[in-house]
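Proteins get letters first, then strands, A, B, ... in listed order; numbering begins at 1 in each. Computed from a predicted model, the values in this text were never measured in an experiment.
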Amino acid sequence: MFLSAISSSLMPQFSSHLSRVVLRVSNILQLQQFHAQLIQHALHRHDYWVARLIAFCTHFHAPSDYICRIFDSIHQPGVMVFTNMLRYYSKCGGNNEILMLFEEMQNCGLKPDACVYPVVIKAAGNGGVLFHSQFVKMGLDSGKYIRNALLNAYGKYGPIEAGRLLFDEMTERSVADWNAIISGYWNWGCEGEAKRLFDLMPDKNVITWTTMVSGYSKMKDLENARSYFDRMPEKSVVSWNAMLSGFAQNGFSEEALSLFNEMVSTGVTPDETTLVTVISSCSSCGDPALAESVVKTLGDRGVCLNPFAKTALLDLYAKCGRLEMARKIFNELGVYRSSVTWNSMISAYMRTGDIPAANELFDQMPKKNVVSWNSMIAGYAQNGQSSLAIELFKEMINEHIMPDEVTMVSVISACGHLGALELGNWVVNFINAHHINLSLSGQNSLIFMYSRCGSMNEAKLIFDEMETRDVVSHNALITGFAAHGNGVEALKLMQKMKDEGIEPDRISYIGILTACSHSGMLEEGRKVFESINAPDIDHYACIVDLLGRVGKLDEARKVVEAMPVSPHAQVYGSLLNACRIHKRVDLGEFAANKLFELEPENSGNYILLSNMYASAGKWKEVDRIRELMKTRGLMKTTGWSWVEYDRKIHKFIVGDRSHEQSDEIYHTLAELKRKMKAAGYIADKSNVLRDVEDEDKEEMVGTHSERLAVAFCLLVSEQGTVIRVVKNLRICWDCHTAIKMISKLEKREIIVRDNNRFHHFKDNKCSCNDFW
DNA sequence: TTAGGGTTAG
């Protein structure tokens, strides 16, 4: 029957025989027999028959190299062969091949069939609309399918207004045209116009309704999505899938699973896409057993796992900690791995902290996309490798991969962890220059970054300018106030968030209590602590710290002894620190002994105790602790000190001479020493200079690297500017004294970060109110 | 031979 449409001039002499063969082709084997017949009759280069052959290949999913061989064997393909090749590539998503073939076809002087244009427009992506004016000139713009393809291109890539103009000009509009423009409006977030056209549309079909469901889902308006879904005159499996993914992608995985049950009990047969969404929902619920049972049940009904579903399953196993199962699927997928498969496996390794394995896959990955880079950058950041995260971000830019908001959240957060403000500011400029829009989580990360870098004014500015704020936004700012010892602002913010109807969570309370503690606000802190519904162990650590810092050491000890849960190291750490400040050796020894039981390997605790003895002038005890550390093999653990300068992080360690400006740094240090001597800072009980001369002791108190960092800052910074010493600068007693003196000698303000806390040194004074 | 649904990163 289909042969009757072919003009007789194209019919070769054996056509009647072949037509019988053609009619019998119903699988790939018969297709090959048909091919053999063509060769036998020397028709394997004839345009019409080869075109038929390619159409069969497309229909029966013949391997691509088989089809390419057929195409390549024709020296001068005609319009029909080209057309069917284009259709083949259209079916398997070979957009580049379509554009190349289309060009080749024109170069050969062949006039493409009108049916080719919609395929080419679709394949051209955002370039599809460029054909529009060409079609107008050629008089092709009245073609039904061409106009629909153009409408789709405008809907997907914009400008949507141009699509609307085309739509309005049309005298006859098909259902597909209406659907295309409505879908286009959803794509551009124009809910009002999408709804208006939906209401105006005369004959809506199931696709129209489904477009509305997925449109509202994408706008996170699940109430309306569900309402349209419930009102649909008929539902297809795609409609169910749209509603399912609406729930799944907006974090309502349990609702998705219950809708899936409803779908099955209604008698709708799920397809492979359903399976993908359901597996992903099981993954969010942390329920691999459910996913396995669904896979099995649907498998029994003939629904199989396509590469999408297999990737979803891989991700499920990865997230449930079954890495070997995930890797097995990854290996089995072979050529069917997509970039999503690779990315999922990379982040699986990063999640378990296996950076080398993630790195290996990243290097092997054939086509990296922005998510691949984001997975790596976030992975580094989450594994405490902030500097490497930033290095990778720079590499990404060098490779001309455009970062998105997700990239920036990781990078901003990495800058925050490093306390690298200059770098942070550069990142903010980058975001502005490239018009990267920051959502709530992006703005929250900015507040975190500025707070960690000590720029509270900037942090507040971001906070104040935000349209909506959540508990994380408030916590980021409260934690910043806490680090700066600003209890008043922290308490104000707590009240403000309550007024806005946002209930403080455990993190908020830790921040507020810390702020009170660093400001010496005993009564306010007590009140807050008493108001917490069920204070946890960290809240206890905060109140112990507060009581200890203000000198209520016995009360602090009573709280520790009366705690409903057994205290962790942080609780005893706070107590020991308080004992150091107030020189309460007896209680300090009690706390230290508890700490040595809980964390025998943590050299910081020994240093804290040693510093307590030092502040009390008990030098014999200081030496005893040093010996203890030596016998326990804890002398090697010396931290790096990091300084941010000119958007680079400079690292220093004890006895370090690896820095390229080492000579100048040591020279500056010696100069400082000379100035201090001249200013009379020699013979007092401070061990500042003693440490500089005694390498052994330096290692114990770990201040040499810090002083190198300070010397570096002095070296590179302009007179009078703020010096920013970042990360790992544990300010022990002598270092604190040293920086105070430096600030006076050099007449500058020095800002030093001590873990989460900032110290502003100016004119031999420090902003903190500890009793140093 | 047109229009609706899918997996990954913060």
Side-chain angles (χ1 to χ4, degrees), chain A residues 87 90 114-115 117-119 121-122 143-152 155-156 173-184 186 201 204-215 217-218 232 235-246 248-249 270-281 283 305-316 318-319 329 333 337-348 350-351 369-379 381-382 403-414 438-442 444-445 472:
Chain A
R87 282 182 174 150
S90 163
C115 69
Y117 290 106
V119 173
I121 293 168
K122 195 175 172 192
K144 183 181 171 190
Y145 294 110
I146 290 178
R147 275 187 325 201
N148 187 268
L150 284 171
L151 267 182
N152 269 307
K156 280 199 179 82
R173 300 180 192 102
S174 68
V175 180
D177 294 327
W178 281 91
N179 289 344
I181 191 79
I182 292 173
S183 167
W186 278 121
M201 186 172 170
K204 305 170 183 67
N205 66 5
V206 64
I207 297 178
T208 325
W209 284 90
T210 308
T211 307
M212 296 305 278
V213 172
S214 80
S217 292
K218 275 174 198 141
M232 286 175 81
K235 294 181 182 80
S236 68
V237 64
V238 180
S239 322
W240 284 91
N241 290 344
M243 195 61 240
L244 279 173
S245 79
Q249 286 172 356
D271 67 2
E272 290 170 333
T273 303
T274 321
L275 204 48
V276 174
T277 313
V278 170
I279 293 172
S280 143
S281 299
S283 168
L305 291 175
N306 65 11
F308 281 98
K310 281 183 183 161
T311 299
L313 203 60
L314 179 160
D315 193 61
L316 169 97
K319 283 184 177 145
I329 297 174
L333 270 168
R337 285 173 205 149
S338 68
S339 58
V340 180
T341 320
W342 284 88
N343 293 341
S344 187
M345 201 65 229
I346 287 172
S347 47
M350 278 301 196
R351 220 173 284 127
N369 60 14
V370 67
V371 179
S372 326
W373 287 88
N374 288 352
S375 306
M376 289 298 290
I377 293 171
Q382 285 156 7
D404 63 8
E405 197 210 343
V406 179
T407 327
M408 300 328 290
V409 169
S410 295
V411 173
I412 294 167
S413 152
L438 293 187
S439 67
L440 181 67
S441 60
N444 286 346
S445 67
V472 180

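- Residue contacts shown for A:Gln382 are limited to sugar-phosphate atoms, with no base heavy atom under 4.0 Å away.
- In this structure, A:Val278 reaches neither bases nor backbone, as no heavy-atom distance under 4.0 Å exists between it and the strands shown.
- Using a 4.0 Å heavy-atom criterion, one finds that A:Thr341 contacts no nucleic acid atom at all.
- Here the side chain of A:Ser280 pairs no donor or acceptor atom with the backbone of A:Val276 at under 3.5 angstrom.
- Taking both residues in full, the closest heavy atoms of A:Asn148 and A:Asp177 are given as ND2-OD1, 2.7 Å, listed atom of the first, atom of the second, then distance.
- Contacts of A:Lys235 with the nucleic acid, taken as non-hydrogen atoms under 4.0 Å apart, are absent.
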Inset, instruction - With side-chain contact (heavy atoms from CB on, under 4.5 Å) as the test, would you mind laying out the steps for A:Trp209 and A:Lys235 before giving the verdict? - result: CA-CA 9 Å; A:Trp209 284 90; A:Lys235 294 181 182 80; over 6 Å; no

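- Note on A:Lys319: only backbone sugar-phosphate atoms sit closer than 4.0 angstrom, heavy atoms only; bases stay farther off.
- Remark: A:Lys319 engages A:Ser283, A:Asp315, A:Arg351 in a side-chain contact (heavy atoms from CB on, under 4.5 Å) (not counting sequence neighbours).
- Nucleic acid contact for A:Ser283: none, since no nucleic acid atom lies under 4.0 Å from a heavy atom of the residue.
- At a threshold of 4.0 angstrom between heavy atoms, the contacts of A:Ala149 with the nucleic acid are absent.
- Here A:Asn152 lies in heavy-atom contact (under 4.0 Å) with sugar-phosphate atoms only.
- Taking 4.0 Å as the cutoff to heavy atoms of chain A, we find the contact window on DNA chain B bounded by B:dT1 to B:dG10.
- Backbone-only contact: A:Ser183 has heavy atoms under 4.0 Å from sugar-phosphate atoms and none from a base.
- Residues A:Ala242 and A:Thr210 approach most closely at CB-CG2, 3.9 Å, considering heavy atoms.
- Two residues are said to be in side-chain contact when any heavy atoms from C-beta on lie closer than 4.5 Å; A:Thr277 and A:Asn241 fail this criterion.
- Among the heavy atoms of the strands, none lies under 4.0 Å from A:Val370.
- Residue A:Thr311 is in base contact, counting any heavy-atom pair closer than 4.0 Å across all strands shown.
- Within the 4.0 angstrom heavy-atom criterion, no nucleotide atom of any strand lies near A:Arg337.
- Within the 4.0 angstrom heavy-atom criterion, no nucleotide atom of any strand lies near A:Val213.
- For A:Ser245 (side chain) and A:Ala248 (main-chain N/O), no donor-acceptor pair under 3.5 Å exists by modelled atom type.
- A:Asn205 comes within contact range of at least one nucleobase, with a heavy-atom separation under 4.0 Å.
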